[in-house]
Amino acid sequence: MSFEPRLVRPSASDAAPVGSALEVTENHRAQGADVRDGDATANLAAANGDAELEASFPQELILLGKQLGREAIRLSHNYPAVPDEQDFQQKLAATQLAHNHRPWFQRIWFRSAAAVMLGVVGLSVLAPSGSQPPSLSTPRGAAVSISGLHVEPPAMAGDSATIGVPYIGVPYVVPFSNVMSSTESLPGTTTLFRGLSGEEIEGLREFERPGTRVSL
Amino acid sequence: MKIDVQKVTEEHFSRIHRAALVLSGNPWDADDLAQETFLVLARQAHRFEGRSSIYTWLYGILLNLERRQRRRNGTRWRKLSILWGNEPKNRTVPSAETPIEVAEWKASLWSFVARLPDGQRQAIVLRFSEHLSYDEIATAMNCPLGTVKSRIFNGLTSLREALSGLEDVDIAQIPQHAWEDIRHVI
């Protein structure tokens, strides 16, 4: 078999817009499909507007659309909808029964969850900015640099000992287990830490004073 | 708005089934999709507000279910392909029970449509199989009218290009009746 491309000239019936109501209805009815008058009326009203939309389409695309329509009709005829009536009715009845007799917590679950979510989001949006420092949570392993923070004793690179830090009169213990920089942690210098948990970083944030800065 | 589920099912089952058949490519998946669409209707009937026609709403449900099923099938297929150690060449065609039952669908233009992106594929089904108006398609797919038009145009253009590429395939592999149809539009 040899391939011979051939463009079919549109016939008079092809001149109608793709899927026009009359054509569709008649096609489907001729094939014995279940097409109701209401559908035809609705399609008819829409067909004029659709023809305008498809006016810019090349003719071969319109022909392609028509061919798709014909093949859909043929397919639906060869495989008509034959629902398993009994099975479907049973499922339908079970669905409706389950829907009508949902436990009270299921009935309110979605609305309650949505309300709580909205509340949380709303509060977080409406909360006055600056009332709390922004969270500095970071995965373990991220580096945190602290500048201008007074750390005693000075943390050196390779330190693994726990270092006590004075904090409002209370020695606040931050386990600096992995100091990266070799700079002494004295005011005016920068110390780089790694391997701190989010909680530890939050703890470091507490040490922020004018002149000190904690940053990721 | 109160809906009589039984009445709506009787009225619209066949058209939803037809769309499901064209989308999925085999009668078993079509049966399941159509049935599931109406079960969703039974559960969610109270959410229908009557701003669109009921069948447009049903098509919207069907499209969501079909997209979900297709994604599930795709995931399953990918897992199998990893297990087997080789990637299939034509993975986009939906799963089929046996080759015989879906031979006709595979031989039709709709099997080419199945390889288009979701949006284009579904818009083309609603337009050319279900003959919905552009407004109705926009409602069912929950997207603007212009998007529907571009999806249909781009989809048809891709389809036309795919069919043009048939010059390179072994024509003897294509069933005679299907070839007549395809040649008709080339």
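Below, chains carry the letters A, B, ... as their sequence lines are ordered, and counting in each starts from 1.
Looking at B:Gln122 and B:Glu66, their side chains do bring a donor and an acceptor atom within 3.5 Å of each other. Inspection of the B:Arg72 and B:Gln69 side chains reveals no N or O donor paired with an N or O acceptor under 3.5 Å.
Taking the salt bridge (Lys or Arg N to Asp or Glu O under 4.0 Å) definition, one finds that B:Arg151 meets it with nothing, sequence neighbours left out.
For a residue to count as touching a neighbouring chain, one of its non-hydrogen atoms must lie under 4.5 Å from one of that chain's; by this rule B:Ile16 does not touch chain A. For B:Thr157, the parts sitting under 4.5 Å from any heavy atom of chain A are the backbone and the side chain alike. Contacts of B:Val113 with chain A are made by side-chain atoms alone, with heavy-atom separations under 4.5 Å and no backbone atom involved. Proximity to chain A (any heavy atom under 4.5 Å) is restricted, for B:Leu21, to the side chain, taken from C-beta onward.
B:Tyr55 carries B:Arg15 over the face of its six-membered ring, with the cationic atom under 6.0 Å from the centre and within 45° of the normal. Relative to the six-membered ring of B:Phe112, B:Arg115 meets both conditions, a distance below 6.0 Å and an angle of at most 45° to the axis.
Of the listed residues (B:Val22, B:Leu39, B:Leu145), the one with the most heavy-atom contacts under 4.5 Å to chain A is B:Leu39.
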